[in-house]
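A short worksheet on the structure shown next.
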Amino acid sequence: MKSDSQMKSDGQMSVRVRFAPSPTGFLHVGGGRTGLYNYLFARGNDGTFILRSDDTDAARSTDEFRVDILESLRWLGLDWDEGIEVGGPIETYRQSERLSRYQDVVAGLVADGKAYYSFATPEQLDQFRKETMAAGQAPSYDGRFEPTAEEAAARIAAGESATVRFAVPRPGQTTFDDVVRDTVTFDHVQVDDFVILRSNGTPTYHLASTVDDVDFGITHVIRGEDLLSSTPKHILLTEAMGAERATYVHLSLLMGPDGKKLSKRHGHTAIKAYRDEGYLADAMVNYLALLGWSPGDDNTVISLADMIERFDLSTVSKNPAIFDTGKLQWMNGVYIREMSADAFVAAVRPLVEGDLGRGLDDAELATLAEIAPLVQERAKLLTEAPAQVRFLFGDIEYDETSWDKTMTKDGAAEAVAGAAERLAVVETWSVEAVEETLRTMLVDLELSARKGLQPLRVAISGSSVSPPLFESITALGRDRTVARLNTAKVKMA
RNA sequence: GCCCCCAUCGUCCAGCGGCCUAGGACUCCGCCCUUUCAAGGCGGCAACGGGGAUUCGAAUUCCCCUGGGGGCACCA
């Protein structure tokens, strides 16, 4: 099955991994992490990262989800070498387009006696499961209600519909060495004779996924722990096809802050929701990588290149990690501060324009660039930026609490009036000149920095919280600064 | 009910028989810096789930218990 092209020059089988989401939902953070681990492993081992669409469930798959998954992956920067939209040696990477291949495999399995037509009714199966469970046994269906092969063939020939089930060999057991979980064994009495082909002729997940892993030459199946107990089915199928089993790697699942399975009620689970909230892809990737893996030393902020170099599947943690946005937020702040001012302006500009409801002209863009470094230091999320720079581009509203807290204090009126007067006549408008002017004023008026400067902040920005004052005033410009000071002065009188 | 997996600070990780009076990061709390808010610096609180066993020695190995998670579909 494995072709020569998959062999590296040193004779080692080259790594081929796949990320195979099904378009029945948005790409969520757990999926993102699984994709990332596949990506890191492939990149670090000179391997091939494949994106496949496990869309055998036509009823639940939608184009909206298909698009979301691709966009989310691209946003994260997890580019794939083969698969959806980029193509490769396989004709198609969509399972919905490989139906005949699955049907052929199933036909072969039936011919070999490794699978059989099943006519058991849902009611029969239901009752069987109830009874075996009540009897303290595993509710695994073993084909006990099925007719003989000859009879089955006759009924099929007569046009009756049936599912096809894989005949799990019993007694028996399947053991495999999972890279993160070590040796795992399942007794076949725990494994159901699972359906591989539905009565409508479409394959189930187990069949399609296994056939594809074999056909695509997947060497390492890296996926969520929810599939751990399905692995015997996949191994049995693989070997029934005469193929060699892949190496399995089951990643623990992501939990919500309450330790329960991560779900909507914990907040956003969709990757793109984080983008929209103002998270940076780099921060997200860094955070996700550390949820279950560490580079081994004390580093927590680590570049993608370093991650690739140091990532090691065998050191991935076995225990489920809680997805906690607190640390993600901190990390996002770190990444925002690391951005170049240009990159930051580019990222934040649409947000600012959206907030203003209009575009920024060149002069305003220059102002934004000027203040950008100061905003970067104060933002944990890109989406916080608009509120911080709003006073530079639009009309201000006074925050009531801020006003009451500062403008009614002793010296506030004098400071505002004095600043208006002095700033109006500053010769060269610069941060240094503004600072010098105002500091001189503080001395002249015998005001502390707190008493003399805070009122100015409220006057020009509307709030007692803003980027640093001298820079803000400088960026605002002389005319508007003086106008705002005068407006405040009138309001205070 | 049955099977499988997991178990170190509130959270994410380090630790792979002695280097552990258990280390780092986030959070939280002090202090410093300071025109606000941040950022930064310094310091602090905080954990090996319980019980056996092995061993000269156990967070590290084994067993049991407890707790958490996953699975048992014509979903993936």
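Order of the sequence lines sets the chain letters (A, B, ...), proteins ahead of strands, with each chain counted from 1.
Under the 30°/60° scheme for interplanar angles, the aromatic rings of A/Y248 and A/F176 are found to stand perpendicular.
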Name the pairs: protein N/O against N/O of nucleotides 46-49 of chain B, kept only if under 3.5 Å.
none

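Straight-line distance from the CG atom of A/L254 to the P atom of B/C5: 21 Å, rounded to whole Å. Between the CD atom of A/E338 and the C1' atom of B/A39 there is a distance of 13 Å, rounded to whole Å.
A/F65 is linked by a ring pair (Phe, Tyr, Trp, His ring centres under 6.0 Å) to A/F26, counting only residues two or more places apart in sequence or in another chain. A/R310 is linked by a salt bridge (charged side-chain N to carboxylate O under 4.0 Å, His left out) to A/D297, counting only residues two or more places apart in sequence or in another chain. For A/F166, the ring pair (Phe, Tyr, Trp, His ring centres under 6.0 Å) test picks out A/F194, with sequence neighbours left out. With sequence neighbours left out, A/W403 forms a ring pair (Phe, Tyr, Trp, His ring centres under 6.0 Å) with A/Y398.
One N or O on the side chain of A/S402 and one on the backbone of A/S464 form a donor-acceptor pair closer than 3.5 Å.
An OP1 or OP2 oxygen of B/U36 is reached within less than 4.0 angstrom by a side-chain nitrogen or oxygen of A/R450. At the phosphate of B/C12, neither OP1 nor OP2 sits under 4.0 Å from any side-chain N or O atom of A/N319. Residue A/K380 places at least one side-chain N or O closer than 4.0 Å to OP1 or OP2 of B/A39.
Counting any heavy atom pair closer than 4.0 Å across all strands shown, A/F470 reaches a base atom. Among the heavy atoms of the strands, none lies under 4.0 Å from A/S461. Contact annotation for A/L469: base contact, defined as any heavy-atom pair under 4.0 Å involving a base atom.
Relative to the side chain of A/I322, the nucleotides B/A39, B/C12, B/C5 differ in distance, and B/C12 lies closest.
Side-chain polar atoms of A/Q124 and A/Y141 form no donor-acceptor pair below 3.5 angstrom. Between the side chains of A/Q127 and A/E123, no donor N or O sits under 3.5 Å from an acceptor N or O.
Residue pairs satisfying the side-chain hydrogen bond (donor to acceptor under 3.5 Å, both in side chains) criterion with at least one member in residues 332-341 of chain A, sequence neighbours excluded, are listed as follows: A/N286-A/Y335. Counting only residues at least two apart or in different chains, side-chain hydrogen bond (donor to acceptor under 3.5 Å, both in side chains) contacts with residues 367-391 of chain A comprise A/D355-A/R390. Residues in residues 437-446 of chain A take part in these salt bridge (Lys or Arg N to Asp or Glu O under 4.0 Å) pairs, two or more places apart or across chains: A/R422-A/D444, A/E435-A/R439.
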Counting primed atoms, P, OP1 and OP2 as sugar-phosphate and everything else as base, the B/S/- map of nucleotides 21-26 of chain B against protein heavy atoms under 4.0 Å is ---SBS
Once base and sugar-phosphate atoms are separated, protein heavy atoms under 4.0 Å mark nucleotides 62-76 of chain B, 5' to 3', with B, S and - as ------SSSSBSBBB
Give every donor-acceptor pair under 3.5 Å between a side-chain atom in residues 468-477 of chain A and any protein atom, sequence neighbours left out.
unit_1 : atom_1 : unit_2 : atom_2 : d
A/S472 : OG     : A/P467 : O      : 3.2
A/S472 : OG     : A/P468 : O      : 2.8
A/T474 : OG1    : A/F470 : O      : 2.6

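Of the residues in residues 404-421 of chain A, not one comes within less than 4.0 Å of RNA chain B through any heavy atom.
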